[in-house]
Amino acid sequence: MVIVMEKGATQAQIDHVCDRIREMGYDVHPIVGVERTVIGAIGDERGKAKLQALRSTPGVENVIPILKPFKLASRELVQRRTTVRVGELEIGNQQFVVMAGPCSVENRPQIMTTARAVKRAGAVILRGGAFKPRTSPYSFQGLEEEGLKLLQEAKEETGLAIVTEVMAPHDVELVARYADILQVGARNMQNFSLLKQLGQVPKPVLLKRGLANTLEELLLSAEYILSQGNPQVILCERGIRTIERYTRNTLDLSAVPLLRELTHLPVVVDPSHGTGVRSLILPMAKAAVAAGADGLLIEVHPNPEEAFSDGDQSLLLEQFEQLMRVIRPYVELEGRQL
Ligand code: PEP
Ligand code: MN
């Protein structure tokens, strides 16, 4: 339910409504706007009638049910778009944010060379997996904490923020010590223990859409993080499984404008996993800009032939630089800056 306060409602009236909602066993999520305050009451749907009675409380204008199954993520509750802050950056605002780097952190020269090159080309966030979710248990699993330390070194030298994946609840604390943004991979989108744990962390979360998940499921996964108290969620469209075999996944770009209608959370696009084909990354990056994405996540490697993972879809350093040059006018056409 959303409790809409009157324009001139006093702080005492707002506090009273919040107290009443809590007494009824709901979580209170007040949103203070320029004109008025709205209060989200989140909890068991069965107590709706009691909340409706708040309509007669002084200072309350209206009590409106949220119809979507996801509440805190919904635009019904928050009309204004959320911006997620990472240091000086604001994801979901005017700046179009490019995150780039290798699939896996492999060694110092690899990550440092990549970090310097993507920074020079205009990326603002360095990606790189230290914990890797691999389809086969025999594939490279990541350098773990050693990888996180290498990311930190790259950050110290270049000033790039770090996005890196966390796979298990027991690693959240460790990864959060090094990462500016914690990535939840496609395979973990419905790892609910992990999501709940990430709801307790004071760091932004990049939540990737699952290989076979609907947008409603994606938003309900975001809701797990939001409802635990972490409002800093960035959604990522990274392609879904379809019958098509020429691409690794089918990049669902209609998800971008649709998510912008359904949610106030920022949305970025990963054309690397979304297509799995190097030659398709630039055209799909342009299309993502036009679809209204807030940023891109792109795999880049100094020597893709020798990459430990996802070499086939990784751009060479100069290809990434070219991509940045090509997308700039498209970004500007959308009224944003790179
Ligand atoms: C990745 O970003 O390297 C990754 C494993 O992505 P996804 O979870 O989307 O497959
Ligand atoms: Mn990858």
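Every number for a ligand or one of its atoms is a count from 1 in the order of the listing. As the structure is a computational prediction, the values presented were derived from the model and not from experiment.
Judged as a ring pair (Phe, Tyr, Trp, His ring centres under 6.0 Å), and not counting sequence neighbours, Phe131 has no contacts.
Nearest to atom 6 (O) of ligand 1 by heavy atom, out of Gln313, Lys208, Arg134, is Lys208.
Near Glu299, meaning under 4.0 Å from one of its heavy atoms, ligand 1 places the atoms 3 (O). For ligand 1, the atoms closer than 4.0 angstrom to any heavy atom of Gly185 are 8 (O).
Side-chain contact between Arg81 and Arg75 is present, with heavy atoms from C-beta onward closer than 4.5 Å. A 4.5 Å side-chain heavy-atom check between Gln110 and His301 finds at least one atom pair inside the cut-off.
Counting non-hydrogen atoms of other residues, nucleotides and ligands closer than 6.0 Å to CZ of Arg85 gives a total of 12 or fewer. In Glu156, the CD atom is crowded: over 12 heavy atoms of neighbouring residues, nucleotides or ligands sit closer than 6.0 Å. Within 6.0 Å of atom CD in Glu306, 12 or fewer heavy atoms from other residues, nucleotides or ligands are found, so the atom counts as exposed in its surroundings. Residue Glu305 qualifies as open at atom CD: its count of foreign heavy atoms under 6.0 Å is 12 or below. The neighbour count for Glu173 CD, taken as heavy atoms of other residues, nucleotides or ligands under 6.0 Å away, does not exceed 12.
The protein heavy atom nearest to atom 9 (O) of ligand 1 is Arg238 NE, 2.6 Å. In terms of protein heavy-atom proximity, atom 4 (C) of ligand 1 is closest to His273 NE2, 3.5 Å. Among all protein heavy atoms, the one lying closest to atom 8 (O) of ligand 1 is Ala186 N, 2.7 Å. The nearest protein atom to atom 2 (O) of ligand 1, hydrogens excluded, is given as Arg127 NH1, 2.8 Å; this is a heavy-atom distance.
Of all protein atoms, those that are N, O or S and lie under 2.8 Å from the Mn ion (ligand 2) total 4.
Taken from CG in Leu258 to CZ in Arg260, the straight-line distance is 12.0 Å, to the nearest 0.5 Å. One finds the CG atom of Leu207 at 9.5 Å from the CG atom of Leu226 (value rounded to the nearest 0.5 Å). Taking CG of Asp171 as the reference point, atom CD of Gln197 lies at 10.0 Å (rounded to 0.5 Å).
Residue-to-ligand polar distances keep Asp310 apart from ligand 1: every N/O pair is separated by 3.5 Å or more. For Asp270, no nitrogen or oxygen atom sits less than 3.5 Å from a nitrogen or oxygen atom of ligand 1, counting backbone and side chain alike. At least one N/O-N/O distance between Lys132 and ligand 1 falls below 3.5 Å.
No donor-acceptor contact under 3.5 angstrom links the side chains of Thr275 and Thr247, judged on distance only.
Arg209 does not count as a contact of ligand 1, since none of its heavy atoms falls under 4.0 Å from the ligand. Taking 4.0 Å as the cut-off, Cys103 counts as a neighbour of ligand 1 on heavy-atom distance.
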